[in-house]
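This report refers to the structure that appears directly beneath it.
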Amino acid sequence: MRVMLNRRTALAGLGATAAALALPISVAAARRGTVKPPRLRPGDTVGLVEPAGFTDDAFDLATVMETVRAMGLVPKPAPHLAQRYGYLAGEDKARAADLNAMYRDKDVRAVFAVRGGWGCARILPHLDFAAIRANPKLLIGFSDITALHLAFAARAGFTTIHGPNAASSWGKLSWDSFRALTFDGATPVYANPEASEDRLVQRQWRTRAIRPGKARGRLLGGNLTVLAALVGTPYLPDFSGAILFLEDVDEAPYRIDRMLTQLALAGILGRVAGLVFGQCTDCRASGASYGGFTVNEVLQQHLAPLGVPVFQGALFGHVANQFSLPVGCEAEIDADAGTIRILEPAVV
């Protein structure tokens, strides 16, 4: 996923600092059940942070505030929300301080990332995971926010929501999915909607079973590029028996191939109970590539041999409307039907 710079190069210097931190929560503790944050209620205050890229347009930020208020919530901007440091929303320690402050603030019930971009991995060494773990509250966002979802799953042990960022378009499908999980505590079954196409056979939003069957496990995942870049750091949870979900944007097939190879060589793909690959938006080779593989062929090569249920095409990722997925919750996938069934509430 290329956004504003090559994130693979930028991650290279983080290993030494990360190695000095405490180990992730134990596998046994994770399997006892993920802690559930409180559900959202109309009138709740929610924090707005930018842990990665910046938004310095006053009109855009005003639209974000209006969006949150339209949800029936009260936005609380972080102190460094409108700052800029190169392509980042402030220096690393400042962005981390905003996130730490929101988790220590007893009046804040949940935390929205305004946008993604690049930069979440840079703040991981500066996060106060003891304070975050002691104050479970929903973290909401996607794309580069994957680094926080995975780190929270490893070190904080409570549910987070892989869903639209606060600055996303928030269409009906996105809002209905998010509201059901976070306000209602529902356990929905996600299936792609039927496309309104004048065709004999639907082509938009199709799912495809790469390997048929059903599987249950803990939902873990997010953006493939971000996840692959965290391999070898102490910020990944244990994927044993998990349902791994992946998505990406603006990646050529050979890079998808390279990252899936990395996950396989790291032993991650071989430990999962099932896998869903969502949307890979604008994932095409640049220029003529008549002898190359397509993304579908790359997925088939890597995922079919896993011997577990796998399907692709679920509606999450860099698209206008997307499902909200509760990271850390138990779920069941049906590769033949192309569905994700949430088996437990994400909130209490």
Side-chain angles (χ1 to χ4, degrees), residues 1-3 5-21 23-27 30 118 120-122 124 143-144 146-151 153-155 162 210-211 213 215 217-280 283 285 289 291-312 317 327 333 335:
M1 171 189 169
R2 293 181 298 167
V3 183
L5 80 165
N6 190 321
R7 147 181 310 123
R8 301 163 187 77
T9 302
L11 274 161
L14 294 176
T17 304
L21 299 177
L23 293 173
I25 60 173
S26 69
V27 175
W118 151 252
C120 288
R122 290 178 56 141
L124 294 179
S143 192
D144 196 63
T146 294
L148 299 179
H149 289 308
L150 295 172
R155 295 180 173 277
H162 181 279
I210 295 175
R211 195 173 190 281
R218 184 181 178 215
L219 269 178
L220 294 171
N223 182 263
L224 172 60
T225 300
V226 176
L227 193 162
L230 290 177
V231 169
T233 76
Y235 297 109
L236 286 184
D238 179 38
F239 290 92
S240 298
I243 300 296
L244 178 62
F245 67 93
L246 300 170
E247 62 82 27
D248 223 311
V249 61
D250 193 25
E251 292 288 4
Y254 83 89
R255 290 196 295 267
I256 299 294
D257 187 351
R258 184 173 61 199
M259 290 183 285
L260 289 175
T261 298
Q262 184 179 12
L263 296 191
L265 294 176
I268 291 174
L269 293 185
R271 296 203 298 270
V272 303
L275 191 148
V276 183
F277 201 101
Q279 300 296 308
C280 203
C283 292
S289 183
F293 297 119
T294 66
V295 168
N296 288 343
E297 289 171 329
V298 169
L299 296 181
Q300 185 74 27
Q301 292 165 8
H302 283 280
L303 305 183
L306 295 180
V308 299
V310 179
F311 76 96
Q312 71 176 103
V327 180
I333 62 169

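Only this structure's heavy atoms are used, side chains among them; waters, hydrogens and symmetry mates stay out.
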Leu224/Glu247 under side-chain contact (heavy atoms from CB on, under 4.5 Å): CA gap, chis, key distance, verdict: CA-CA 6 Å; Leu224 172 60; Glu247 62 82 27; over 6 Å; no

Side-chain donor-acceptor pairs under 3.5 Å in residues 264-272, sequence neighbours left out?
from: Arg271; atom 1: NH1; to: Gly267; atom 2: O; distance (Å): 3.0

Residue pairs involving residues 244-265 (criterion ring-ring contact (aromatic ring centres under 6.0 Å, His included); sequence neighbours excluded):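 Sorted pair list: His162-Phe245, Phe245-Phe316.
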
Under 3.5 Å side-chain donor-acceptor pair for Ser240 and Asp238: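 Yes, side-chain donor-acceptor contact under 3.5 Å.
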
Donor-acceptor pair between Gln301 and Asp257 side chains, under 3.5 angstrom: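 Checked: Gln301/Asp257 side chains show no N/O donor-acceptor pair below 3.5 Å.
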
Under 3.5 Å: donor-acceptor pair, side chain of Arg211, backbone of Val310: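 Side chain of Arg211 to backbone of Val310, a donor-acceptor pair under 3.5 Å: no, none is there.
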
Any donor-acceptor N/O pair, Asp248 side chain to Cys283 backbone, under 3.5 Å: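 It does not hold such a pair.
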
Separation between CG of Leu148 and OH of Tyr235, rounded to the nearest 0.5 Å: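 One finds 11.0 Å between CG of Leu148 and OH of Tyr235.
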
With Gln300 via side chain to side chain donor-acceptor pair (under 3.5 Å) - residues at least two apart: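 Partners of Gln300 by the side chain to side chain donor-acceptor pair (under 3.5 Å) criterion, ordered by chain and then number, come out as Arg208.
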
Partner residues of Phe311 under the ring pair (Phe, Tyr, Trp, His ring centres under 6.0 Å) criterion, sequence neighbours left out: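 Phe311 satisfies ring pair (Phe, Tyr, Trp, His ring centres under 6.0 Å) with no residue once adjacent residues are dropped.
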
With sequence neighbours excluded, residues passing side chain to side chain contact (heavy atoms under 4.5 Å, CB included) with Gln262: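 Applying side chain to side chain contact (heavy atoms under 4.5 Å, CB included) to Gln262 gives Ala228, Val231.
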
Pair listing, salt bridge (Lys or Arg N to Asp or Glu O under 4.0 Å) test, anchored in residues 297-307, at least two apart: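 Salt bridge (Lys or Arg N to Asp or Glu O under 4.0 Å) check on residues 297-307 returns no pairs.
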
